[in-house]
Number of protein chains: 2
Amino acid sequence: MADGERELSERKKQILKAIVDAHIEGGGPVGSKAILQAGGMNCSSATIRNEMAELEEMGYLEQPHASAGRVPSELGYRFYVDSLIEHYAMTTHEIAQINNLLRAKMGELDQILSAASHLASNLTNYTGIAIQPRTGAVNIAKFEGIYLEPSHFILVAVASNGAVKTKHIHTDFKVLPESVSRLAESLNAMLAGLSAERITLPIIMELETRMGADSGMIGPVMKVVYDLLSELDAGAVQVAGIDHLLQYPEYSDTAQFRELLGALEKKDDILDLVSTTGGEGDINVLIGSESRVKVMNNSALVFKPIVKDGQTLGAIGVLGPRRMDYAKVLATLEGLSGNIENLILPNKQLHNGGESDG
Amino acid sequence: MADGERELSERKKQILKAIVDAHIEGGGPVGSKAILQAGGMNCSSATIRNEMAELEEMGYLEQPHASAGRVPSELGYRFYVDSLIEHYAMTTHEIAQINNLLRAKMGELDQILSAASHLASNLTNYTGIAIQPRTGAVNIAKFEGIYLEPSHFILVAVASNGAVKTKHIHTDFKVLPESVSRLAESLNAMLAGLSAERITLPIIMELETRMGADSGMIGPVMKVVYDLLSELDAGAVQVAGIDHLLQYPEYSDTAQFRELLGALEKKDDILDLVSTTGGEGDINVLIGSESRVKVMNNSALVFKPIVKDGQTLGAIGVLGPRRMDYAKVLATLEGLSGNIENLILPNKQLHNGGESDG
DNA sequence: TGTTAGCACTCATAACCGTCGAGTGCTAAC
DNA sequence: GTTAGCACTCGACGGTTATGAGTGCTAACA
């Protein structure tokens, strides 16, 4: 057995591929006869049965019960994805849909990712996921204040990764437009580039000094700054098209599907998964228990990080049954991420159109 | 029959209420004996059976099959909600959870609504919904520009309803910080308060004139302004805790649940429903087919608009099976909306704490 | 040594069928 | 108008059987 596993014969590969393909298509166990009918084999069903028995012994196949056909095991899918998969050629219509991302009105990364996840879901008929990971190293690159009326203004924070957040601030006392501008200047001078941990008491005291008569603003403002920093590296997960999953019988177990839904809502598991798995921009394929999330043992998660200047800004992914159409999913995510990374190209680089994002 | 429907006898009401209560609790049809055991009746099961037969004839009850108990009809629920419902007294723990909304860090309305929908879901064990309706009458009250680097700045728009949106803008040519400030000033002078339809070519021409040498900015900027306006009155629906629904047997039909999920993702139906049903700030209860959305015929939707200064800023709601615990849901939504409306009180009014939202 | 035909065997699925029991409607007595 | 009693209905449950897909094994064959 040990050296039998060294390599699979061509015929074994062919049979394994046929089984995975048929199972992805149909969902049920596939038998020797079905493989024969699929074509491409020039031997009898008995021979195929022998090969299948060996493939099962090697761990690539499983048998639900004695008189059923074979189903790919996790190892079988893994081998399929690594070695057997065929390039999926997208239809012109699919390419057109993806390209429309470019033309569409959009600016901020979260909107792009959200649109991409919807598209991923619709193109693949699985669930699309847009992820903005917790970075842990976010800071605010620039502050701005917008005066609205006495005792009411807005604080705008532009994060180092380009994200922008705003907060309304109400005060008990009147605040003049000049004070708001001065506040923004002071925050830029003292806090720009600092993470929450590096904002110390002396810095806050200096801020109060700078604001002089308006030092009463600093208290509420610091709370808002803290909230902004927290929100900026909280990470985010957006899910699109969960309803698609229910068309696959593997999700007909209500209780199990409910747990999956819960995990998708909590977002923690997904965020952890993506941040711990991230292979510097490559597509990741997590089949079944390869993701350490129990509730996803019957599912597969494929995701592609979106990287700019070596920084992982987000990821788009697809969640579906283990027997998902990996070829199509991989092609779709490649296509989408290529478009997204074009959208957020290094700022100064070739720019033909009007606006885009950063 | 016609005059028999004039009014329900006290005993009929009592029986109807007992049936609805028991059905909400248990989910199955309820029989005459069960009502007897629930207590409060001083007659025999035979009498109750007679009354039930009459209630069925009047349309308040339905019988799944000949030898089953009775189930409330839509009319039955309606009567229950309108006339029979008992005030639900929230536990101190529930009240505490809601009050924590106040203390929690938060600023923007969408965050408040989102948190409220999560809370609604967790407190009731149904699905929570946060809605920001399309208003159709949004305009931008104030613009601000934030210069980041040559040929890259941010446009901030503060909408008339307090919402804030930002967009990155990249240009083909260098833009100086002064140009960005001037742009904001010009936009404020020319566009503040205007809806998209009222932004005419002469106005745009005047903007170009004002920007002088930087008039090249106007093209891309106008596209962004249009996007901002579109996004601001696009409306939004956030859903929390869909997984809760799967604990109720009425959602065990996968295909049906899938359609419901789809409707919740599309958001259009929900937005339409809320905007067409809105009864000036009162709680709305839509039972089964009362909402015109087919896929919700086996569900009930309860929602409460959030109103400030006569303007409907949003709504929070709960979606669940028709046999939902209306008493608890109504109390929860009242509690939540009370808290939310406190959070967004008219700006200048009593303000004890630091910041909040507007 | 690898391939193939034939055949007995296994096991999930579906259909069928009787039993059980909850709950009713009806009737007759109070 | 209320109640006890009783026959009746009908879904739920559990066991049995028939079906058929697909296997493993054996023996013959190239």
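Since this is a predicted model, take the numbers as computed values, not measurements. Letters A, B, ... are given to chains in the order of the sequence lines, protein chains preceding strands, and every chain is numbered from 1.
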- Message: With a 3.5 Å limit on both atom pairs, tell me what C:dC30 is paired to, counting Watson-Crick and G-U wobble, or say none.
- Response: D:dG1

- Message: With hydrogens left out and only the distance checked, is there a donor-acceptor pair under 3.5 Å joining A:S67's side chain and the base of D:dT23?
- Response: no

- Out of C:dT4, D:dG24, D:dT3, which nucleotide sits closest to the side chain of A:R70? D:dG24

- Nearest-Å distance for atom pair CD/P, residues B:E57 and C:dG25: 11 Å

- Item | Side-chain donor-acceptor contact under 3.5 Å, A:E94 with A:Y88 | yes

- Task: Remember a base hit wins even if backbone is also touched, and classify B:S32 as base, sugar-phosphate or nothing at under 4.0 Å, heavy atoms.
- Result: sugar-phosphate

- Item | A:E54 CD - D:dG24 P separation (whole Å) | 11 Å

- Query: In terms of the nearest nucleotide of DNA chain D, which residue is placed more toward the 5' end: B:P64 or A:R49?
  - Reply: B:P64

- A:T47 side chain: which of D:dT3, D:dT23, C:dT3 is closest? C:dT3

- Query: If you pin B:S44 and A:P29 to their nearest nucleotides in DNA chain D, which one's is more 5'?
  - Reply: B:S44

- Task: Among the candidates D:dG24, C:dG25, C:dT4, find the nucleotide nearest to the side-chain atoms of B:Q63.
- Result: C:dG25

- Between D:dT3, C:dA12, D:dG24, spot the one nearest the side chain of B:A46, thanks. D:dT3

- Message: Can you measure A:I48 atom CD1 to D:dT23 atom P for me and round it to whole angstrom units?
- Response: 10 Å

- Message: Using the side-chain contact (heavy atoms from CB on, under 4.5 Å) definition, which of the options A:M41, A:Q14, A:K12 pairs with A:E51?
- Response: A:K12

- Do A:T254 and B:Y251 get their side chains close enough for a donor-acceptor pair, meaning under 3.5 Å? no

- Query: Are any non-hydrogen side-chain atoms of B:T47 and B:R11 less than 4.5 angstrom apart?
  - Reply: yes

- Protein-nucleotide distance (B:L36, atom CG; C:dT24, atom P), rounded to Å: 12 Å

- Below 4.5 Å, heavy atoms only, C-beta onward: do A:E56 and A:M52 meet side chain to side chain? no

- Calculate the interatomic distance between B:K33 atom NZ and C:dT24 atom C1'; express it in whole Å. 12 Å

- Message: Between C1' on D:dT3 and CZ on B:R11, what's the gap in Å once rounded to a whole number?
- Response: 12 Å

- In Watson-Crick or G-U wobble terms, both distances under 3.5 Å, what is the partner of D:dT9? C:dA22

- Whole Å only: how far is the CG atom of A:N50 from the P atom of D:dT26? 12 Å

- Tell me: NE2 of A:H65 to C1' of C:dC9, nearest whole Å? 14 Å

